[in-house]
Structures are given as structure tokens and as C-alpha cells.
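Not measured: the values here are computed from a predicted model.
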Amino acid sequence: GESAEQAIIGHVQAFTIRLRLRLPQAANDLHRLAAYRDELGSERFGSLLAQTTRDADQVKTILSALSELRPDDADDE
């Protein structure tokens with residue numbers, strides 16, 4: 001099985017590329033990242049996110065997008 005860290009790395013990379021290209025699939029990556037945040041907790045997720053990308057602006061972009069997303073029901077994931 002894929003570790004959470006590996007999955008987060010993949011979704012961060014995909015989200016970054018899709019966002020840059022303005023592809024609607026970026027939302028799918030964002031929802032997956034939100035599910036990992038819910039599963040791991042904000043602190044652990046933030047730590048993994050910071051390890052995944054050393055780019056502080058990218059971390060801010062992702063955390064900002066996640067805070068705007070605020071899924072009402074995590075069971076949809």
C-alpha cells in the first residue's frame with residue numbers, strides 16, 4: 001500500500017501542476033489532500049506538507065485553498 005506521505009507528495013505535485021495549468025482536476029487533488037488532513041490531523045499534515053515541498057509559497061497556497069474548501073462532510077471522500 002501507498003503511505004500517506006507518498007500519496008500527499010503525489011497529490012501536491014499534481015495539484016501544483018494542474019493549478020498552474022488551470023485544470024479543473026486540481027479540485028480532485030485538493031479534496032484528497034483535505035481527506036489526508038482530516039485523517040492525519042492539521043499538525044501532522046502540515047509537517048508532511050512542509051517536508052513535501054520546501055517552497056513556503058506553495059505551502060501557503062495549498063493551506064489557503066484547503067481552508068477555503070472546508071468540506072462539510074468528510075464522509076464524501
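- Here CZ of Arg44 is found 8.0 Å from CD1 of Ile8. Values are rounded to the nearest 0.5 Å.
- Using a 4.5 Å cut-off on side-chain heavy atoms (C-beta onward), Gln58 and Val12 make contact.
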Show which side-chain atoms of residues 18-27 pair as donor or acceptor with protein atoms under 3.5 Å away, not counting sequence neighbours.
from	atom 1	to	atom 2	distance (Å)
Arg18	NH1	Asp29	OD1	3.3
Arg18	NH1	Asp29	OD2	2.6

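- Inter-residue side-chain proximity for Phe45 and Asp38 is flagged as unmet; no heavy-atom pair is nearer than 4.5 Å.
- Here the CZ-CG distance, from Phe15 to Leu66, works out to 7.5 Å after rounding to the nearest 0.5 Å.
- Within the model, atoms OG1 of Thr52 and CD of Glu5 stand 6.0 Å from one another, a figure rounded to the nearest 0.5 Å.
- Within the 4.5 Å cutoff, no side-chain heavy atoms of Leu33 are placed close to those of Leu69.
- Under a hydrophobic-cluster definition in which Ile, Leu, Val, Met, Phe, Trp and Tyr are linked whenever side-chain heavy atoms come within less than 4.5 Å, directly or via other members, Leu49 and Ile9 are assigned to different clusters.
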